[in-house]
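This report concerns only the one structure given below.
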Amino acid sequence: MMPGFPSPLTAVPSDSPYVADASGFRGWADAVFTPASEAEVLDIIRHAFRDKVAITVAGAGSGLTGGRVAQGGWVVSLEKFNRLEIAPGRARAGAAVTLLQLRDAALRTGQFYAPDPTEITASVGGTIATNASGARSFRFGSTRRHVLALRVAQMDGRIAEYRRGDKVDFLLPRIPTPKTTKSTAGYPLAPDMDWIDLFCGSEGTLGIVLEAELALLPAPDQLFSAVVFFDRDELALDAVDAWRSVPDLRMLEYVGPEALDLIRSRYPEIPSAAQAALLIEAGDPVDLDAWAARLVEAAARSDDSWFAVSSADRERFRKFRHALPEVVNATVLQRGFMKMGTDYAVPVERNREMLGFYRERLRAELPGAYVIYGHIGDAHVHVNMLPASEPEAATATALLKEFARQAVALGGTVSAEHGLGKRKAHLLKLQYSPEHIQAMMDVKRRLDPDWLLGRGTLFDYAV
Ligand SMILES: Cc1cc2nc3c(=O)[nH]c(=O)nc-3n(C[C@H](O)[C@H](O)[C@H](O)COP(=O)(O)OP(=O)(O)OC[C@H]3O[C@@H](n4cnc5c(N)ncnc54)[C@H](O)[C@@H]3O)c2cc1C
């Protein structure tokens, strides 16, 4: 055994951050490993394989579905894999590099990393594993599109480096994909797919991401950013329909009436009459006259909307947008519950229909105890429920399932960006047939015959 290889029976306290994630889900583990080299990772894999011990890979812990939360066995945290090199058009980043570190390092060279999950403490490894996306994915797509190469430790005891264009070397069926602009539920199997596309979004069930080469884009010279307020929710939704196809738009985010109310005390400068807001970013170049005309046409509250004139303003807007999930997550955890939020997306033409369905059911079943905000440009808003009692929590749980069924009925996905982890693994069956799930499980078993990696994530564990 390597020096410092801890005994598998090392106790991990039940309140250890290694056995929890940001959704409030908790688990347990026999040992936590923090390997410092590829050789150490392989040593852990070999021992786990020999003794048939489950391994759960941990990133930064900002996940919302329990994927990184072990239910026994060993936790392997890649926190020491923090090498970061920036070159023109690309970054080479260890799994532990945070999005904040990547963003700042890229910016110093006049570049930026386009996938933009608002949680900048998330790690490169975690965002690849969940195929994360965010506000700017409206224009730039999810993480998968920006991965040029991946270095992965596999359960056969090998380390492989896959580059874009390297194809999976065994037969794969084609799994139907939802008609949404983004989805990260299960493996998007297709004949001739790249290895990178298989590992991205596989939620730590197929291999351990050690390092990645990521595409960087030139930082924009000019951006128009704004938080645009509206007197009525309907006006904001009309503006979404009108603006979605504007070619220079790269962010279109929604804050519904209930969500605005939730953060008014933190942001007293929100206009009191405002009922909804859209966060927008457009460029490069910026046509300010065209935007001024669009705001008038949309009957927006132009006089007391917020406009960015500097990168500091833009950072303020990012924090404003990020305050929503932060407040929501803190509120549910304080009340003794876990996060109860949707991550469903529907085809963009079904956006209003889905929103209408959410609101009708929420007003009937959980009035005053929910907020809606998120990536409306991709028809992907998050409904978050804020139950205050056990009966309300039971209602919220039932609604989450009802909403998932409705999203699928409209051609949507049960996970657009967070993945399914353990908490939402049951939703996979709503989207895919038993044959499709079996095909995914066959791939899992091929790469991990003893089903050691990410046990309980995505699929029921049954060896
Ligand atoms: C306030 C808030 C806002 C958020 N906003 C967004 C958003 O806008 N968009 C979005 O997509 N997500 C968002 N998230 C969710 C979260 O940030 C993402 O899911 C992120 O990708 C998780 O990264 P992490 O490093 O924290 O991973 P963890 O939570 O540690 O793990 C997540 C999953 O990745 C696996 N994993 C981690 N590292 C590796 C690795 N090296 N190799 C293989 N598997 C690995 C784990 O096993 C687990 O299944 C938000 C979360 C919070 C708390």
Side-chain angles (χ1 to χ4, degrees), residues 17-25 27 35 41 54-70 75-82 93-100 115-138 142-144 150-155 182-184 199-212 251 253 318-319 321-330 332-333 339 341 343 345 373-375 378 380-382 384 415-425 453-458:
Y18 286 111
V19 286
D21 74 0
S23 75
F25 189 64
V41 173
I55 292 180
T56 303
V57 191
S62 71
L64 295 171
T65 61
R68 59 107 69 182
V69 181
V75 171
V76 177
S77 165
L78 276 288
E79 63 202 54
K80 293 179 182 156
F81 283 66
N82 47 20
V97 169
T98 64
L99 294 182
L100 177 62
D116 177 36
T118 60
E119 181 55 56
I120 51 181
T121 65
S123 69
V124 162
T127 53
I128 289 171
T130 57
N131 186 31
S133 55
R136 294 189 184 88
S137 298
F138 169 65
S142 64
T143 297
R144 179 177 281 129
L150 266 191
R151 197 162 172 82
V152 186
Q154 299 188 170
M155 294 312 279
K182 56 204 241 201
S183 174
T184 190
F199 282 109
C200 283
S202 63
E203 300 191 53
T205 60
L206 295 180
I208 303 178
V209 175
L210 304 170
E211 201 169 85
M251 180 194 290
E253 296 276 300
R318 192 196 64 76
K319 287 194 174 136
R321 165 66 181 82
H322 193 54
L324 283 162
E326 276 177 346
V327 173
V328 162
N329 297 351
V332 281
L333 299 192
K339 183 173 170 78
D343 180 34
Y373 59 83
H375 317 299
D378 285 310
H380 169 215
V381 295
H382 298 296
N384 276 278
S415 177
E417 67 180 11
H418 296 159
L420 296 171
K422 298 182 179 71
R423 293 193 58 205
K424 297 185 173 181
L453 208 50
R455 221 176 241 183
T457 290
L458 281 177

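Both counts, for ligands and for their atoms, begin at 1 and track the order of listing. Keep in mind that this is a model prediction, so the values were computed, not measured.
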Only one of Leu78, Leu150, Val152 passes side chain to side chain contact (heavy atoms under 4.5 Å, CB included) with Leu210, and that residue is Leu78
Checking side-chain polar atoms at under 3.5 Å, does Thr65 have a donor or acceptor matched by the opposite partner on His418? no
When you pair each N or O of ligand 1 with protein N or O atoms, which pairs come out under 3.5 Å?
{"unit_1": "ligand 1", "atom_1": "5 (N)", "unit_2": "Thr118", "atom_2": "OG1", "d": "3.2"}
{"unit_1": "ligand 1", "atom_1": "8 (O)", "unit_2": "Thr118", "atom_2": "N", "d": "3.3"}
{"unit_1": "ligand 1", "atom_1": "9 (N)", "unit_2": "Ser133", "atom_2": "O", "d": "2.5"}
{"unit_1": "ligand 1", "atom_1": "9 (N)", "unit_2": "Glu417", "atom_2": "OE1", "d": "3.2"}
{"unit_1": "ligand 1", "atom_1": "9 (N)", "unit_2": "Glu417", "atom_2": "OE2", "d": "3.2"}
{"unit_1": "ligand 1", "atom_1": "11 (O)", "unit_2": "Ser133", "atom_2": "N", "d": "3.1"}
{"unit_1": "ligand 1", "atom_1": "11 (O)", "unit_2": "Ser133", "atom_2": "O", "d": "3.0"}
{"unit_1": "ligand 1", "atom_1": "11 (O)", "unit_2": "Glu417", "atom_2": "O", "d": "3.4"}
{"unit_1": "ligand 1", "atom_1": "17 (O)", "unit_2": "Ser62", "atom_2": "OG", "d": "2.7"}
{"unit_1": "ligand 1", "atom_1": "21 (O)", "unit_2": "Gly126", "atom_2": "O", "d": "3.4"}
{"unit_1": "ligand 1", "atom_1": "21 (O)", "unit_2": "Thr130", "atom_2": "OG1", "d": "2.8"}
{"unit_1": "ligand 1", "atom_1": "25 (O)", "unit_2": "Ala60", "atom_2": "N", "d": "2.9"}
{"unit_1": "ligand 1", "atom_1": "25 (O)", "unit_2": "Ser123", "atom_2": "N", "d": "2.9"}
{"unit_1": "ligand 1", "atom_1": "25 (O)", "unit_2": "Ser123", "atom_2": "OG", "d": "2.6"}
{"unit_1": "ligand 1", "atom_1": "26 (O)", "unit_2": "Gly61", "atom_2": "N", "d": "3.1"}
{"unit_1": "ligand 1", "atom_1": "26 (O)", "unit_2": "Ser62", "atom_2": "N", "d": "2.6"}
{"unit_1": "ligand 1", "atom_1": "26 (O)", "unit_2": "Ser62", "atom_2": "OG", "d": "2.7"}
{"unit_1": "ligand 1", "atom_1": "29 (O)", "unit_2": "Ser62", "atom_2": "N", "d": "3.4"}
{"unit_1": "ligand 1", "atom_1": "29 (O)", "unit_2": "Gly63", "atom_2": "N", "d": "2.7"}
{"unit_1": "ligand 1", "atom_1": "30 (O)", "unit_2": "Gly59", "atom_2": "N", "d": "2.8"}
{"unit_1": "ligand 1", "atom_1": "30 (O)", "unit_2": "Ala60", "atom_2": "N", "d": "3.3"}
{"unit_1": "ligand 1", "atom_1": "30 (O)", "unit_2": "Gly61", "atom_2": "N", "d": "2.9"}
{"unit_1": "ligand 1", "atom_1": "30 (O)", "unit_2": "Arg68", "atom_2": "NE", "d": "3.1"}
{"unit_1": "ligand 1", "atom_1": "41 (N)", "unit_2": "Val209", "atom_2": "O", "d": "2.9"}
{"unit_1": "ligand 1", "atom_1": "42 (N)", "unit_2": "Val209", "atom_2": "N", "d": "2.9"}
{"unit_1": "ligand 1", "atom_1": "47 (O)", "unit_2": "Val57", "atom_2": "O", "d": "2.6"}
{"unit_1": "ligand 1", "atom_1": "49 (O)", "unit_2": "Glu203", "atom_2": "O", "d": "3.2"}

Between Ser137 and Asp378, the two heavy atoms sitting closest are C-OD2, 3.9 Å
Smallest heavy-atom separation, Cys200 atom then Asn131 atom, equals C-CB, 4.3 Å
On a heavy-atom basis, the closest approach of Val69 and Ala20 is CG2-C, 3.6 Å
**Request:** Would you mind reporting whether Leu64 and Lys424 have side-chain heavy atoms less than 4.5 Å apart?
**Result:** no
